[in-house]
Amino acid sequence: PMTGQLGVYGNLDYRFENSPKALTLDARATQIEAVRFFGYGNDSPDISSKDALVDQRVVSVEPAFVYRIGWRARENGYNEIRGEMGNPEEGEDSTKAPRRMRVSEGKFTIGPSVSWINPETPASSPVALIAPTGSESFSMAGVKAAFQVDRTDDDAMPTSGFTVRAAAAGYPALLGLDEAFGTLSAQTTGYIPIMSGGPHFAVRLGGAKGMGDVPFQFAPPLGGRRRL
């Protein structure tokens with residue numbers, strides 16, 4: 001593994017005055033960004049996380065236009081600090097702010113992405129054995145878009161409502177990239193109260209797809225702690 005390496009990250013966020021629109025810039029130049037690759041599909045070899053680790057050097061610049069959904073809609077929500085408690089006539093607890101469904105909040109983001117990636121593959125890694133796309137240094141330029149919305153109640157842990165997240169990216173055959181590729185992903189979560197102020201049922205559904213000659217760094221993963 002790499003030791004004594006550096007990574008520099010930067011972010012700019014410009015908000016238009018009294019507007020849901022914004023411009024952002026995310027940039028990074030790092031020697032400490034790594035991925036794990038166990039192989040493709042469910043029949044990948046049984047190897048350790050250490051052998052699957054691939055260190056990378058990455059330089060990336062991603063400016064974007066952002067439109068925020070419901071950017072001020074939650075300013076008028078209930079607030080215990082302001083003394084806004086529940087109404088007993090509506091069956092609410094008068095000693096605390098009621099838990100109610102919030103208005104939708106989220107954002108839509110779109111913008112170009114330019115990156116250079118240089119993997120440093122150990123001999124024991126599946127990357128060294130099967131040499132997938134992305135196993136050698138490459139550059140790419142394309143467009144990324146993302147959408148997310150949150151329509152849950154105002155409890156610290158949601159007990160009702162839903163969330164939606166989706167993302168898409170496309171990279172044509174530019175900057176030495178031999179073939180174009182793209183990725184799609186989406187995820188939704190739902191929360192259904194079983195009884196007022198008590199247990200609730202939560203469900204999450206999602207999927208991802210890679211199209212074209214996708215570098216292994218961007219291949220849709222199966223499993224992992226993010227999906228548990």
Side-chain angles (χ1 to χ4, degrees), residues 1-14 23-45 47 49-66 108-148 165-187 206-224 226:
M2 289 183 170
T3 58
Q5 305 299 316
L6 298 175
V8 178
Y9 299 79
N11 173 268
L12 295 176
D13 189 339
Y14 175 79
L23 296 176
T24 63
L25 175 64
D26 291 305
R28 69 188 192 276
T30 174
Q31 299 172 312
I32 54 177
E33 187 160 326
V35 296
R36 281 188 167 89
F37 180 75
F38 293 86
Y40 293 113
N42 291 320
D43 297 326
S44 57
I47 61 174
S49 295
K50 180 180 179 181
D51 287 336
L53 187 67
V54 179
D55 292 311
Q56 299 184 120
R57 301 176 187 270
V58 178
V59 178
S60 176
V61 178
E62 297 181 343
F65 168 79
V66 180
F108 170 74
T109 305
I110 188 169
S113 174
V114 180
S115 301
W116 170 78
I117 301 175
N118 182 22
E120 298 189 356
T121 307
S124 60
S125 169
V127 175
L129 299 176
I130 65 178
T133 300
S135 59
E136 301 291 339
S137 175
F138 68 99
S139 300
M140 61 185 193
V143 176
K144 298 175 67 175
F147 169 80
Q148 63 183 63
R165 294 175 179 269
Y171 299 91
L174 297 174
L175 300 181
L177 197 66
D178 294 333
E179 296 184 28
F181 77 93
T183 59
L184 292 171
S185 64
Q187 176 180 285
K209 181 177 178 59
M211 298 161 289
D213 193 13
V214 182
F216 77 89
Q217 294 92 334
F218 299 91
L222 293 171
R226 293 183 182 179

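Note that this is a predicted model, so its numbers are computed, not measured.
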State, to 0.1 Å, how close Tyr40 and Ala219 come at their nearest heavy-atom pair, and which atoms those are. CE2-CB, 4.1 Å
Does Leu175 reach the side chain of Met140, with side-chain heavy atoms less than 4.5 Å apart? no
Between Leu177 and Pro172 the two heavy atoms that sit nearest each other are CD2-O, 3.4 Å
Taking Phe218 as the fixed residue, which of Val35, Thr133, Ile117 is the one that meets the side-chain contact (heavy atoms from CB on, under 4.5 Å) rule? Ile117
Shortest non-hydrogen contact from Pro122 to Ala128? O-CB, 3.5 Å
One should read off an interatomic distance between Asn118 CG and Asp55 CG, to the nearest 0.5 angstrom, of 11.0 Å
What is the minimum heavy-atom distance between Gly182 and Val214, and which atoms define it? O-CG2, 4.1 Å
With Thr183 via side chain to side chain donor-acceptor pair (under 3.5 Å) - residues at least two apart: none
Residues in side chain to side chain donor-acceptor pair (under 3.5 Å) contact with Gln148, at least two apart in sequence or another chain: Arg165
Taking side chain as C-beta onward, heavy atoms only, is Phe216 less than 4.5 Å from Val54? yes
Consider side-chain contact (heavy atoms from CB on, under 4.5 Å). Of Asp26, Leu25, Val114, which one does Pro63 pass it with? Leu25
Among residues at least two apart in sequence or on other chains, which ones pass ring pair (Phe, Tyr, Trp, His ring centres under 6.0 Å) with Tyr9? none
One should read off an interatomic distance between Arg36 CZ and Ser125 OG, to the nearest 0.5 angstrom, of 11.0 Å
Could you pull out the closest heavy-atom pair between Val127 and Pro132, with the gap in Å? O-CD, 3.5 Å
Closest approach of Ser135 to Pro119 (non-hydrogen atoms, all atoms of both residues): O-CG, 3.4 Å
Leu12 vs Tyr14 side-chain heavy atoms within contact, under 4.5 Å: no
Given the side-chain rings of Tyr171 and Phe181, with only the six-membered ring counted for Trp, is the space between their centroids under 6.0 Å? yes
State which residue, out of Gln217, Arg57, Arg28, fulfils the side-chain hydrogen bond (donor to acceptor under 3.5 Å, both in side chains) condition with Glu33. Arg28
Beyond-backbone contact of Leu23 with Phe65, side-chain heavy atoms, under 4.5 angstrom: yes
